[in-house]
Trainee: 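Provided herewith is a single structure, encoded as structure tokens, for subsequent inquiry.
Bear in mind the structure is a predicted one, so any value in this text is a computation, not a measurement.
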Amino acid sequence: MAWTSADIPDLAGRTALVTGANSGLGFETAKALAEHGASVVMACRDKDRCATAASQIRTLVPGATIESAVLDLADLDSVRAFAEEFVSRHDSLGILVNNAGVMAPPDRLETKQGFELQLGTNHLGHFALTGLLLPLLMETPASRIVTVSSFAHEPGRIAFDDLQCERGYTPYGAYSQSKLANILFMLELDRRLRATGATTLSVGAHPGFASTNLQAAGPFTGRAPLRSRMVLAGVRLIGQSPERGAQSQLFAATADEVVGGGYYGPKHRGWGHVADSSMAPQARDEAVAAKLWAVSEQLTGVAYLGVEH
């Protein structure tokens, strides 16, 4: 029988953190975790939107334990401030869902620290957040770190000679690089956790074709080319709902059969029930993953204590 969010076990006593939780996949993930008893922290860039989303979940899930917090993954100062506040207020973290993302803005944009926006938000921001929270995660028995990628990682490559796309920027090229970085990070973290004997699992997920605000927030601005507008129309027409799209990351976060280093997505690539998903060969390149890890530590200033090679 196909897995659905109805199969999520009782999560009472577990604390979950979901980034980008004010809409789309993040909202549906936070809601489902709250429905099954988790205490959920919704981390979002916009304070008011996050508070509104949290209020909506409280209405939909009476008795839900929900809090909202400001986290701007495009600003490492915000990431550090959020992590410090989180650790001061919580004594455990059972589930971390690295969900937030930016997709294919037409022009090259930068984070506060000067990184290309997509790599800086999708990868470096989550790399820093996870590293800062890792001691708490490792202290929590059977905790999970879910990093959300996309089958857009398949044409990606890590351009170490132009990592920030300063010499050449293409919207989808930069997006693919960031999504490949997500999987390389997830797998490298899994290898390091295994080496320590930790009970924390690092796993990946992707939503397939899901119609969410991610598409509208990136390439589909007023100056978007006709191709981008056509893609958006197609996704809205045939894409899964955010609720269905979130099934993969909910499975990765809660299902008993999940294994460290697993990557889960819709069975029929873009649609369908959750199943094991394939990764591009370059996503399994351990040398590239190790180099990206070292570069990410250098760029973010976050060292992963306890899982050093």
Trainee: Decide yes or no for L33 and L11: does some side-chain heavy atom of the first lie under 4.5 Å from some side-chain heavy atom of the second?
Mentor: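 Heavy-atom side-chain distance check passes, below 4.5 Å.
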Trainee: Indicate the atoms forming the closest heavy-atom contact of L71 with L129, along with that distance.
Mentor: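 Closest approach of L71 to L129, heavy atoms only: CD2-CD2, 4.0 Å.
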Trainee: S176 side chain to A152 main-chain N or O, any donor-acceptor pair under 3.5 Å?
Mentor: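 Answer holds: yes.
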Trainee: Looking at Q249 and P207, would you say the former's side chain and the latter's main chain have a donor-acceptor pair under 3.5 Å?
Mentor: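 Not a single qualifying donor-acceptor pair exists.
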Trainee: Using the side chain to side chain contact (heavy atoms under 4.5 Å, CB included) rule, take N22 and F27 through it: C-alpha gap first, then chi angles, then the decisive distance, then the call.
Mentor: CA-CA 5 Å; N22 63 288; F27 178 86; over 6 Å; no
Trainee: Specify the closest pair of heavy atoms between L163 and V295, including all atoms of both residues, with the distance to one decimal.
Mentor: CD2-CG1, 3.8 Å
Trainee: Side chain of E67, backbone of T65: donor and acceptor closer than 3.5 Å?
Mentor: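 Side chain of E67 to backbone of T65, a donor-acceptor pair under 3.5 Å: no, none is there.
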Trainee: Quick check against the 3.5 Å criterion: does R45 have a side-chain atom that pairs as donor or acceptor with the backbone of V70?
Mentor: no
Trainee: Is it the case that atom CZ in R89 sees more than 12 heavy atoms from other parts of the structure closer than 6.0 Å?
Mentor: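 For R89, atom CZ is not crowded (no more than 12 foreign heavy atoms under 6.0 Å).
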Trainee: Can you tell if the side chain of R49 reaches within under 4.5 Å of the side chain of T52, non-hydrogen atoms only?
Mentor: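 Answer no - side chains too far apart.
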Trainee: Do the non-hydrogen side-chain atoms of T15 and F86 ever get within less than 4.5 Å of each other?
Mentor: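 With C-beta onward as the side chain, the pair touches.
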Trainee: Please determine whether residues L193 and Y263 belong to a single hydrophobic cluster, defined as Ile, Leu, Val, Met, Phe, Trp and Tyr linked transitively by side-chain heavy-atom distances below 4.5 Å.
Mentor: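 In one cluster: no.
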Trainee: Q247 side chain to S5 main-chain N or O, any donor-acceptor pair under 3.5 Å?
Mentor: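 Here the side-chain-to-backbone pair exists.
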Trainee: Between D7 and A2, which heavy-atom pair has the shortest distance, and what is it?
Mentor: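 Answer, listing the atom of D7 first, then A2: OD2-O, 4.0 Å.
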Trainee: Angle between ring planes, Y304 versus F127, binned at 30° and 60°: parallel, tilted or perpendicular?
Mentor: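 Correct class here is tilted.
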Trainee: Take L73 and H126, measure what side chain to side chain contact (heavy atoms under 4.5 Å, CB included) needs, and give me the verdict at the end.
Mentor: CA-CA 7 Å; L73 290 158; H126 280 125; 3.3 Å; yes
Trainee: Are T130 and N98 close enough, and set up right, to give a side chain to side chain donor-acceptor pair (under 3.5 Å), and what steps lead you there?
Mentor: CA-CA 8 Å; T130 305; N98 290 325; 3.1 Å; yes
Trainee: I would like to know whether H206 and S277 meet side chain to side chain donor-acceptor pair (under 3.5 Å); could you show each step before the answer?
Mentor: CA-CA 8 Å; H206 76 88; S277 194; 2.8 Å; yes
Trainee: Under the side chain to side chain contact (heavy atoms under 4.5 Å, CB included) rule, collect the residues that match up with E116, sequence neighbours excluded.
Mentor: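 With neighbours one apart ignored, the set is R108, Q118, L119, Q164, C165, Y169, A174.
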Trainee: Are V97 and L134 in one and the same hydrophobic cluster, where Ile, Leu, Val, Met, Phe, Trp and Tyr link if side-chain heavy atoms are under 4.5 Å apart?
Mentor: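 Per the 4.5 Å side-chain linkage, V97 and L134 are not co-clustered.
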Trainee: Would R80 and E84 count as a salt bridge (charged side-chain N to carboxylate O under 4.0 Å, His left out) if you check the C-alpha gap in whole Å, the side-chain angles of each, and the deciding distance to 0.1 Å?
Mentor: CA-CA 6 Å; R80 287 185 179 277; E84 289 176 5; 5.9 Å; no
Trainee: Looking at R167 and D161, is any side-chain nitrogen of the basic one under 4.0 Å from a carboxylate oxygen of the acidic one?
Mentor: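 Salt bridge present between D161 and R167.
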Trainee: Does atom CD (E308) have a neighbourhood of more than 12 heavy atoms from anything else shown, all under 6.0 Å?
Mentor: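 Enclosed: over 12 neighbouring heavy atoms sit under 6.0 Å from CD of E308.
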Trainee: Just by modelled atom types, is the D72 backbone N or O under 3.5 Å from a matching donor or acceptor in the D75 side chain?
Mentor: no
Trainee: Between the main-chain N or O of S149 and the side-chain N or O of H153, is there a donor-acceptor pair closer than 3.5 Å?
Mentor: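 No.
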Trainee: Quick one: is the NZ or CZ of R191 closer than 6.0 Å to the six-membered ring centre of W293, and within 45° of its axis?
Mentor: no
Trainee: Taking all atoms of both residues into account, what is the closest heavy-atom pair of L132 and P135, and its distance?
Mentor: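 Result for this residue pair: O-CD, 3.8 Å.
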Trainee: Can you give me the closest heavy-atom contact between N122 and V102, atom names plus distance?
Mentor: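 In terms of heavy atoms, the two residues are closest at OD1-N, 2.8 Å.
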Trainee: Answer yes when K31 and E35 have at least one side-chain N-carboxylate O distance shorter than 4.0 Å, and no when they do not.
Mentor: yes
Trainee: Is it the case that the side chain of S143 and the backbone of L137 share a donor-acceptor pair, with hydrogens and angles ignored and the cut-off at 3.5 Å?
Mentor: yes
Trainee: What pair of heavy atoms forms the shortest contact from A104 to Y172, and how long is it?
Mentor: CB-CE2, 3.9 Å
Trainee: Would you check if the side chain of E28 reaches a backbone N or O of S23 as a donor-acceptor pair within less than 3.5 Å?
Mentor: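 Not a single qualifying donor-acceptor pair exists.
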Trainee: Partners of K179 by salt bridge (Lys or Arg N to Asp or Glu O under 4.0 Å), sequence neighbours excluded?
Mentor: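 None.
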Trainee: Taking atom CG of D77 as the centre, does the number of heavy atoms from other residues, nucleotides or ligands within less than 6.0 Å exceed 12?
Mentor: yes
Trainee: So, the side chain of R144 versus the backbone of A252: is there a donor-acceptor pair under 3.5 Å, distance only?
Mentor: yes
